[in-house]
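Values below: every heavy atom of this structure, side chains too, minus hydrogens, waters and symmetry copies.
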Amino acid sequence: LYNVNADTIALDIAAAIAAEELILLTEAGAVLDANRQPIRRLTPEAAQKGVEAGWIAGGMNVKTDIGVWALEKGIGSVWIAHPDALMNRANATQIIPDRS
């Protein structure tokens, strides 16, 4: 028996075709902060801090990890969004690179 995460497969396909964008879908609609409010933009460093603090956990931890890996693989834009928000991502989370 195998448990295959669809987001992992989506990342591999996006990287293989050099996709400009990857959208990871979730019923939560976005990454939520410690106060359960949607985060509009999230850096890898902030995601790690959220994991360490415990407000990014479980399936959302997997999604943020995959989003960070996507940036590392050259995918230019990564979103975590509700399925209904594919066209309008006003309430979604965009994972952006850390500023150097």
| said: Would D7 and L22 count as a side chain to side chain contact (heavy atoms under 4.5 Å, CB included) here? Give the steps. | reply: CA-CA 10 Å; D7 292 332; L22 175 63; over 6 Å; no

| note | Taking every heavy atom of I23 against every heavy atom of A81, the minimum-distance pair comes out as CG2-CB, 4.3 Å

| said: With rounding to the nearest 0.5 angstrom, report the CD1 to CE distance, I80 to M60. | reply: 5.5 Å

| query | Can V68 and Q48 be said to form a side chain to side chain contact (heavy atoms under 4.5 Å, CB included), step by step? | reply | CA-CA 10 Å; V68 169; Q48 183 59 41; over 6 Å; no

| Donor-acceptor under 3.5 Å (K63 side chain, W79 main chain) | no

| query | Side chain of R36, backbone of D33: donor and acceptor closer than 3.5 Å? | reply | no

| message | Counting only heavy atoms not in E52 (residues, nucleotides, ligands), do more than 12 fall under 6.0 Å from its CD? | response | yes

| Is I66 reachable from L25 through a run of I, L, V, M, F, W or Y residues, each pair having side-chain heavy atoms under 4.5 Å apart? | no

| So how far is it from I39 CD1 to N91 CG, rounded to the nearest 0.5 Å? | 13.0 Å

| said: With rounding to the nearest 0.5 angstrom, report the CG to CD1 distance, L71 to I96. | reply: 9.0 Å

| task | Measure the OG1-CD1 distance between T8 and I13 for me, rounded to the nearest 0.5 Å. | result | 11.0 Å

| request: Please round to the nearest 0.5 Å and tell me the distance separating atom OG1 of T64 and atom CH2 of W69. | output: 9.0 Å

| Of all heavy-atom pairs between A14 and I75, which one has the smallest distance, and what is that distance? | CB-CD1, 3.5 Å

| Nearest heavy-atom neighbours spanning L42 and A46 | CD1-CB, 3.7 Å

| Looking at CG of L11 and CG of L24, how far apart are the two atoms once the value is rounded to the nearest 0.5 Å? | 8.0 Å

| said: For a 4.5 angstrom cut-off between non-hydrogen side-chain atoms, does T43 reach P97? | reply: no

| Short question: side chain of N88, backbone of A90 - any donor-acceptor pair under 3.5 Å? | yes

| said: Which heavy atom of E21 sits nearest to which heavy atom of R89, and what is that distance? | reply: OE2-NH1, 2.8 Å

